[in-house]
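These notes concern the structure reproduced below.
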Amino acid sequence: MSEKLSADSRCEQTGDEKQGSLAAWCAAPDTQEKETVIPERAEEAKLKAKYPNLGQKPGGSDFLMKRLQKGQKYFDSGDYNMAKAKMKNKQLPTTGPDNNLVTGDHIPTPQDLPPRKSSLVTSKLAG
Amino acid sequence: MAFPDSDIISTVEFNHTGELLATGDKGGRVVIFQREQESKNQPHRRGEYNVYSTFQSHEPEFDYLKSLEIEEKINKIRWLPQQNAAYFLLSTNDKTVKLWKVSERDKRPEGYNLKDEDGRLRDPSMITMLRVPVLRPMDLMVEATPRRVFANAHTYHINSISVNSDYETYMSADDLRINLWNFEITNQSFNIVDIKPANMEELTEVITAAEFHPHHCNTFVYSSSKGTIRLCDMRASALCDRHSKFFEEPEDPSNRSFFSEIISSISDVKFSHSGRYIMTRDYLTVKVWDLNMENRPIETYQVHDYLRSKLCSLYENDCIFDKFECVWNGSDSVIMTGSYNNFFRMFDRNTKRDVTLEASRENSKPRAILKPRKVCVGGKRRKDEISVDSLDFSKKILHTAWHPSENIIAVAATNNLYIFQDKVN
């Protein structure tokens, strides 16, 4: 590891030079602009092409609210029991891949909820 | 290769002497390693780290009132300086901070009057003599006991804890608030920063990290999702909503894009050991700031600038939100941070040289010198280089630690811990 600080090569250049050359390399073929496109703008164009409805406020309220609400899960035992009673007669929709759907048409069943993790296993780092 | 999620290491921290190294994982467990005493018989085994203690720090919980699942993942571990034979550390998950005492037991009392050696009570009428128990040596046992539980003080998710240089208090920071605790008092804490807007619709930024100054017990900093750092002085007022200093680098408006704010979000902030500088990590760079200059950093290091042309896919796979940490070496001359593909980077502030190394069993043998890596961005890839498109974004090094005085580093690569040392001649 003592070699680490005497490595001759610098891995990446810094500053405007680098940005310019990267831009030239990855400018989207369909941009009309004549001046160099910065890489982020090209990436932004790609993203907007894929998701035209993407919010106007990137990194704004919506994204932050989602971060603050991490861990929110809902389960209504009343709904669940009602659904169990009706289940003999008709098939109710179960959750799809997204277990985080709040309420709505689907009734979560015990099988849908993520299993409680067993925490009594010793870490493998402890040998 | 499948492994349980619970094995993912979520924090790594050396204690103040470097004798102990603690790791926390997603399963709520803490594993502590201790450095071997150097022996004259085996000089080449220069103080290796072996498992010293392991315990379950946090359990998963469910807050029924708020329908909130509380992960047991250990977000941070911070050691207290050693004041007696026992070791103390703070560990926290999203909601609860705990003070753990780790102590050794190598003697046990033998020869009780009222119970026999198995612990069974003796019949008192059969006892005819008084004897005094004596302490006899036993096999070393290391016990971890929770000494304090600091709960119910955070509505949002705790991202940082920091021990004050007075060793009597510490702070815990969540997305919107920072609380000050006294180690002895668990049912109260002071709120010292509150950035929650009256109307949540107006929320524009969150607290991402916070730390106390290493020497000045009244000073702390906190970073935000907008790329700014605020320094606060607790002597100025009880509620430090008004900062004493505000560090922000002016943005070039022509560079602005959809991703600008997201990649400017600071994921870690660390004071230098000297207390003169702070280092911040955002998605693509590490910056060093002089506390005396608020308008721009004094140094900026590119960690993986080649990712600029990958931001679209990094946004789609959520990697753009990865929170990388950064660390100083003992003398503040070298800084280190992680990247993808199990790469980590070191920057020498004096020589301005940098290196990329890899933490992987496949690509290096134990005790072999690490070979510098290089990522190629252009068309022509040299033999040893790795192209940007071949990088494995699931192999991220978010957590690293540097021994307080020696060139020993700990690198967490998902579920594996690597410890690297300077080569002995």
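This is a predicted model, so every value here is computed, not measured. Hydrogens, waters and symmetry mates are skipped; everything else that's a heavy atom, side chains included, is used. In what follows, chains carry the letters A, B, and so on, assigned in the order in which the sequence lines appear, proteins first and then strands, with residues in each chain numbered from 1.
- For the set B:N416, B:T54, B:T23, B:N415, the entry with the most heavy-atom pairs within less than 4.5 Å of chain A is B:N415.
- In this structure, B:L417 and B:A410 approach most closely via the heavy-atom pair CD1-CB, 4.3 Å.
- By number of non-hydrogen pairs under 4.5 angstrom with chain A, the leading residue of B:S260, B:S254, B:S265 is B:S254.
- Using a 4.5 Å cut-off between heavy atoms, B:I9 touches chain A through its side chain atoms alone.
- Neither the backbone nor the side chain of B:I70 comes within less than 4.5 Å of any heavy atom of chain A.
- Residues B:R308 and A:E40 are paired through a salt bridge, judged by an N-O separation under 4.0 Å between the basic side chain and the carboxylate.
- With a 4.5 Å cut-off on non-hydrogen atoms, B:S313 touches chain A through its backbone but not through its side chain.
- Between A:Y51 and B:Y315, the ring centre distance reaches or exceeds 6.0 Å.
- For B:S225, the part lying under 4.5 angstrom from a heavy atom of chain A is the side chain only.
- Heavy atoms of B:F33 lying under 4.5 Å from chain A belong exclusively to its side chain.
- B:Y301 has its ring centre less than 6.0 Å from the ring centre of B:F347.
- Contacts between B:Y52 and chain A at a heavy-atom distance below 4.5 Å are absent for every atom of the residue.
- When heavy atoms are compared at a cutoff of 4.5 Å, B:D94 approaches chain A solely by way of its side chain, counted from C-beta outward.
- Proximity to chain A (any heavy atom under 4.5 Å) is restricted, for B:L176, to the side chain, taken from C-beta onward.
- A tilted orientation is assigned to the rings of B:F62 and B:Y64, their planes being inclined by 30° to 60°.
- B:E316 and A:K50 are joined by a salt bridge, as a carboxylate oxygen and a charged side-chain nitrogen come within less than 4.0 angstrom of each other.
- Salt-bridge annotation for B:D384 and B:K374: absent, with no side-chain N of the basic residue lying under 4.0 Å from a carboxylate O of the acidic one.
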